[in-house]
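Since the structure comes first, as structure tokens, the remarks are kept for the end.
Quick note on labels: first sequence line is chain A, next is B, and so on, each numbered from 1.
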Amino acid sequence: MFLAFIDAASAMIPPEVELARGGLARGGDPLGLGPRVRSAWAEGLDLPSRGELLFYAGDFYPVMGYAELLLRLTRSPLSTRRLASLGGALMKLGLLPAALRIAGRGANSRYQASLRKAVNTLIRLGVRPAILREEEPSFGAVLHTYGLLDEFSEHARGVWERLREAGVRTIVTPDPVAALFFRKHYPEFVDGWDVDAVTWVELVAERVASEGVRLGPVSRWAMRVTYHDPCVQSRMMGVVEQPRFLISEIPGVDLVEPTRRGVNTGCSGDGGLELVQPEVARRLALARGEELKNTGAKLALTSCPACLLTLRSSGVEMFFGDLIDMVHDALLSAKRGEPREVAWAGARRPLRLTKPRGLSVEGLTSTLAELASRCVRCGFCNPTCSTAQVLDGLESRSARGRVTLIRAMVEGRDLRPGEVLDRLYTCVLCGACEMACPAGLPVPDMIIYGRALAIKLGLVKREELGVDGGDRR
Amino acid sequence: MVLSEDASEAFSKAIREISRRIGGEKVLTDPEDLIPYSIDASKRFEGVPWAVVRVNSTEDVSAVLQVADRERIPVIPRGSASCLTGAVVAKRGGIVIDLLPMHRVEVYPEDLVVMAEAGATVQRVDEECRRHGLMFPPDPASSKVATVGGALAENAGGIRGAKYGVMKNWLLALEVVLPGGRVLRVGEPTLKWRWGPDLTGLFVGSEGWLGVITRAWFKVIPVPERVVRVVGVFPDMESAGRAAADIRASGILPLGLEIMNAETLRAVSRATGIDLPREGAMLIADVDGPREAISRLAKAVAECMRRAGGEVTLSDDPEEMERLYLARKMAYASLTRLYRAVEIEDITVPLSRFPEALRRIDELAKRYGLPLPTFGHAGDGNVHPTICYDPDDEDQVERARRLAEEICDVAIELGGAVSGEHGIGIQKTGALRRELRARGAEYYLDLLREIKRVLDPNNIMNPGNFDL
């Protein structure tokens, strides 16, 4: 029954998502590149394959150069959709990963280098984590993000087993999305989940302060820089001070802040949007890129591979770099000093969990009905909504509009689930609405459950109408 | 409202014509796009439009109104739909004109004038003015979302209303598109002009019932040199109300004079984590003025509060001031977080009757046994008793309905109005009739109908509002 659902789901989801899902199923990552490509960054590293502390590279860093290539192709005259269908066919034949492997190697090397630098930084700071190399599982972002929650739930349980086999108690990861998943979504979906997760930025900042490390000057980084807060890191997990501490510790680096910063950061157009609605994603990336450039900085640093991908592909003429690279270099010429007390050391913001009452149509419906009934309809979320901002406040692709649509869906109004899904897929899950909501609604979670429900209702409808009578998009 | 087959065919034709004239990408007809446009912040009234047109210019609005008037299609102008009365809900179907894409703001600092298109938010207008050391005084609690067009159509007031009044007090000139597509310009962007009777007032508070406001010119003022916040905590609402009346009588005009009862304070504390007193009532007075005079004025305000039994603190620390301001701005939102259904009332009374109004509201709360957090603008006699109830409990729903009527009756008896700033929409039509009857002013509605017939002979503009 469950397997039948998985296959049926492909009738509802857009081909681009199907592509990523197929990649995950076949190769263990959204691009289907396979464990050897994914673990190539770790070649030559002498680290254990079991241990309480695991360095987790995540789904994006090891292959982001290939994603960059794919994103550039989608902006070519070929339409995304046609490309995705073509990609889907190639994926089935195992050809897409092969083609990407050959063409994207160059672009990928800098992301791989950042991963090695992240690990070496930890080692220099006296932390020796385990790495799982080819055995490292995907954290299933693609499944959760696009609302394939049955699959995500099963996948997450498998990940937990693998982590337990490796004796992992704590995960440190340079990918803030992975950290958020392990801190919030895994506890939501895996009963008994007891693995802690911390971002690389948090751990490194804490160690630099507590060990009294004085970062040294690096001539290639001595310039005016700005910092782009990834939404999952700042807004959702409350990690704002740590990257600024690290940057300010490096002599000769001058930090200037963009207008939207910290918990009020602006989206650079990822959150899965770049795959399903590239035009909106491109507008977001452009707007954010320009904002960073307007600070007068030469270089914008960030701490999220997905943000790096979208900013680097935004077309904005500016250098976009990884904070890891800068800290790594500054550590090479570091000196020992006195330990420093910092207010944020060890402080981990507790995350609010939203557990659906089951993943069936009934479970999702009752969960969403209860949440949506609490919406005040004030619209305070809308001016903060990333996508509404670049779409002149278009209500059906704004935070309040999506909640209204979800409410209509759970009330059983006559809607086409595929069209509802399309509106819900425009959300970048940046969480700005949640912060603005006077009723305190977990809007991004509602969007995810809304996506899952729309997919399921679409399948029910298709069955009623006969297999091809639905509204495949 | 569902269309007959013939009407539906005619409507489709009209929509095709509009698409052809202004661009199809501006026209939405998918139900999945329309349903998000079916609500406002009343949480009670809904109505799905037949189409949404996202206009970019006055010409776009004109084209829509030309076709809609010819084909007798209802038109509902809409900004952020943060209104609380159902005024922008498509009660009888029709076309919603979404004005958000029209959001240009131009400040003319030397003229002390700002021009804003209808879709710009009130907060943005203020922000743009502040770049030039100027401010846009009207400040509804929803200023972050409320648009200029909507705030004018509702004649919104807000927290700075005690001194600076409501939207109409700052309006110089208007551009309005009338049914049929005629573009009407009223007034000049100068601080004075005489074109005969001032017809800008015809559209202020009109709730989209006569035409579509597309842009407006306002006068603005320099940002006050200093602002000091004086906060008094009182044993009860009536004494806080007395202090407010006393402050006004002493000849000082605070820019804001906000009052909150214990139930509101507790709700805000619980919802926002801001530390506030849990008993009695709070009065927040913002006094603005030149540097040299400010401390004398603040002390006089503090003295009025003490005389009425208040415990007083003064602050000009921006962070502390922001904290309290947020507490007041979050009042309504906090209540919606704690109660499943809330209905916010909006009565005004003459300043001298304000303490009495507060006492009577308090008595009503006790008599009806429903939570009635009350807060508002003591500086202009406008108060928001907010009825909280369980929408699934029939008895409570009925009690809430009767309580709402009685609150409005308090305003009518004390010589005030059933709505100060939120407007009539659907919510207040009955109460407005009672108020007009009490004043012997029934002819007001007849005259409105006459005016409506002249400007909108086919009754396409937001039909169902005012229930006329």
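Contacts between B:A81 and chain A at a heavy-atom distance below 4.5 Å involve backbone atoms as well as side-chain atoms. Within the 4.5 angstrom heavy-atom criterion, atoms from both the backbone and the side chain of B:I35 approach chain A. Heavy atoms of B:R340 lying under 4.5 Å from chain A are absent altogether. B:L338 does not touch chain A: none of its heavy atoms, backbone or side chain, sits under 4.5 Å away. Proximity to chain B is limited to the backbone of A:S373, based on heavy atoms less than 4.5 angstrom apart. Residue A:R402: no heavy atom, backbone or side chain, is found under 4.5 Å from chain B. Looking at A:L391, the atoms closer than 4.5 Å to chain B (heavy atoms on both sides) all sit in the backbone: N, CA, C or O.
Ranked by heavy-atom pairs under 4.5 Å with chain B, the first of A:R400, A:R397, A:E395, A:R374 is A:E395. The candidate from B:S80, B:S82, B:A271, B:P101 with the greatest count of non-hydrogen atom pairs under 4.5 Å with chain A is B:P101.
For A:E257 and A:R244, the salt-bridge test passes: some basic side-chain N is under 4.0 Å from an acidic carboxylate O. In this structure, B:R124 pairs ionically with B:E128, as a charged nitrogen and a carboxylate oxygen lie closer than 4.0 Å. The residues B:E32 and A:R413 are annotated as not salt-bridged, no charged nitrogen and carboxylate oxygen being separated by less than 4.0 angstrom.
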